[in-house]
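One structure is given here, and the rest of the page talks about it.
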Amino acid sequence: MSRSGTSRSETSRSETSRSGTRRFPALRRAARREWDPLFTTVRAGLSDHGVRALALTLTAVTLTATVQLVQNQAWGYGPVQNLGAVRAEDPLWLALLRTPLSLFVPALDLPVWGALAQILLVFGIAEVCLGRWRTLAIAYVATLAGTLYARVGIALGPDAFLGLPASDAQVVDTGPSAAVVGLAVYVCHAYRAWFTGSLVVVAMVVEVLVKDNLAGREHLASIAAVLVVCAVREWLGRRRTDGGQGLPAGGSGTRSGAPPMRS
């Protein structure tokens, strides 16, 4: 090979190396912006409180695993269905009574380890970042949104936009997955992890496009409900911020423009 060819080859490799060097720091900065606030909060929470910071999460994992074990027994299937299986054909008052336990009733046709892993990861992050009661509240709102949507969709009928076939009235709701999806979106919004939150939403939309069933529709309903909660949260935060900035000197309130502290 001639010297000129060798020189061009070395120059090309050098430019590629410099391009990669420039590219990866940008990716690292983007990843840091996306996940560093969330990672820092989780690390600090686990460092300060240890396993106690995951009390709700570990309880949810244990309860879900126990329910899965019981409902796969001949003697346990009926009681689990009566206490925690929600269908659109059920009376509303009965569905509302069953909804809290339905958060921990995994689907019989899916591997339970997937549900347990989702609960451990998403509930764990949410519990550390949001606190137990807010985590439970968001999980319940997301699950309830899916349950109520099923009733509305069936009432609209399969020919209407967002409608569902009458046969879906006998299908059991999504169990913990709607709560997991809703919590993931809420945490991403709270910590400004916009890219990750968008991926969750896009993944749920693709799920419906690939396999249009009740579970996928309920996931989208849970996302819609949580986004409404996020919008209200943002609106209230701006009102507090604007009110604090309008206070006279010496008054109390938020004057720095920073978002209000979470309880």
Side-chain angles (χ1 to χ4, degrees), residues 42 51 54-90 95 98-128 135-136 138-147 149-150 153 164-165 167-188 196-223 225-226:
V42 172
V51 72
L54 301 175
L56 171 65
T57 301
L58 297 178
T59 300
V61 170
T62 302
L63 182 57
T64 303
T66 302
V67 169
Q68 172 69 2
L69 179 64
V70 171
Q71 73 176 350
N72 277 284
Q73 308 302 317
W75 53 266
Y77 177 78
V80 169
Q81 293 295 301
N82 292 333
L83 293 174
V86 177
R87 297 177 178 86
E89 66 179 1
D90 297 332
R98 289 175 174 176
T99 297
L101 183 59
S102 74
L103 270 71
F104 311 106
V105 179
L108 284 168
D109 58 340
L110 296 175
V112 69
W113 61 263
L116 297 179
Q118 291 175 2
I119 294 171
L120 182 62
L121 177 63
V122 178
F123 268 70
I125 293 174
E127 182 177 4
V128 175
T135 297
L136 271 178
I138 298 300
Y140 183 78
V141 166
T143 302
L144 186 61
T147 297
Y149 160 72
L164 294 169
S167 59
D168 280 348
Q170 300 176 354
V171 178
V172 179
D173 74 354
T174 60
S177 60
V180 167
V181 171
L183 281 172
V185 171
Y186 187 89
V187 170
C188 288
T196 306
S198 299
L199 281 182
V200 174
V201 175
V202 170
M204 295 302 101
V205 171
V206 171
E207 176 191 25
V208 171
L209 294 176
V210 172
K211 186 178 181 180
D212 189 4
N213 56 17
L214 178 61
R217 298 287 192 96
E218 288 187 344
H219 291 160
L220 294 182
S222 69
I223 290 174
V226 169

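We count residues from 1, following the sequence as given. Here the structure is a predicted model, which is why all the values come from computation and not from measurement.
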Exercise. If you measure from the Lys or Arg side-chain nitrogens to the Asp or Glu carboxylate oxygens, is any gap between Arg217 and Asp212 under 4.0 Å?
Worked result: yes

For this session: Compare every heavy atom of Ala142 with every heavy atom of Ala179, then report the nearest pair and how far apart it is.
Result: CA-CB, 4.2 Å

Exercise. Does any N or O in the side chain of Asp168 come within less than 3.5 Å of the main-chain N or O of Val171, such that one atom is a donor and the other an acceptor?
Worked result: no

Problem set entry | Minimum side-chain heavy-atom gap Phe123-Leu54 below 4.5 Å | no

For this session: Could you pull out the closest heavy-atom pair between Thr174 and Ala215, with the gap in Å?
Result: CG2-CA, 3.4 Å

For this session: Please step through side-chain contact (heavy atoms from CB on, under 4.5 Å) for the pair Trp75 and Val70, ending with a clear verdict.
Result: CA-CA 8 Å; Trp75 53 266; Val70 171; 3.9 Å; yes

Exercise. Distance-only, no hydrogens or angles: does the Gln118 side chain make a donor-acceptor pair with backbone N or O of Val181 under 3.5 Å?
Worked result: no

For this session: Could you tell me whether the side chain of Ser222 and the main chain of Thr143 form a donor-acceptor pair under 3.5 Å?
Result: no

Exercise. Has the side chain of Thr135 got a donor or acceptor atom that lies under 3.5 Å from a matching backbone atom of Ala126?
Worked result: yes

Exercise. Can any side-chain N or O of Asn82 pair as donor or acceptor with the backbone N or O of Gly78 at less than 3.5 Å?
Worked result: yes

Seminar exercise, completed: Note: Leu116 and Ala65 closest approach over all heavy atoms is CD2-N, 3.9 Å

Cut-off 3.5 Å, no hydrogens considered: what does the side-chain donor-acceptor table look like for residues 197-209, sequence neighbours left out?
from, atom 1, to, atom 2, distance (Å)
Ser198, OG, Trp194, O, 2.8
Glu207, OE1, His219, ND1, 3.0

Problem set entry | Exam field: side chain Glu127 to backbone Leu56, donor-acceptor pair closer than 3.5 Å | yes

Seminar exercise, completed: To the nearest 0.5 Å, atom OG1 of Thr147 lies from atom CG of Asp173 at 4.5 Å

Exercise. Would you call Ile119 and Thr64 a side-chain contact if the rule is heavy atoms closer than 4.5 Å?
Worked result: yes

Exercise. How far apart are the C-alpha atoms of Val51 and Leu58, what are their side-chain angles, what is the distance that settles it, and do they pass the side-chain contact (heavy atoms from CB on, under 4.5 Å) test?
Worked result: CA-CA 9 Å; Val51 72; Leu58 297 178; 3.5 Å; yes

For this session: With rounding to the nearest 0.5 Å, note down the distance linking CG in Leu101 to CG in Leu63.
Result: 6.5 Å

Problem set entry | Considering all heavy atoms, the nearest Val105-Pro176 contact | O-CD, 3.5 Å

Problem set entry | Distance-minimising heavy-atom pair for Ala225 and Ala145 | CB-CB, 3.4 Å

For this session: Identify, with sequence neighbours excluded, every residue that meets salt bridge (charged side-chain N to carboxylate O under 4.0 Å, His left out) alongside Arg87.
Result: none

Problem set entry | Those residues that, when tested against Asp90, pass salt bridge (charged side-chain N to carboxylate O under 4.0 Å, His left out) (two or more places apart) | Arg98

Exercise. Between Ser177 and Glu218, is any pair of side-chain heavy atoms under 4.5 Å apart?
Worked result: no

Exercise. Taking atom CG of Leu108 and atom CG of Asn72, what is their separation to the nearest 0.5 Å?
Worked result: 6.0 Å

Seminar exercise, completed: Closest non-hydrogen atoms of Gln68 and Pro106, given as atom of the first, atom of the second and distance, are OE1-CG, 3.3 Å

For this session: Given side-chain contact (heavy atoms from CB on, under 4.5 Å), test Tyr77 with Gln73 step by step and report yes or no.
Result: CA-CA 6 Å; Tyr77 177 78; Gln73 308 302 317; over 6 Å; no

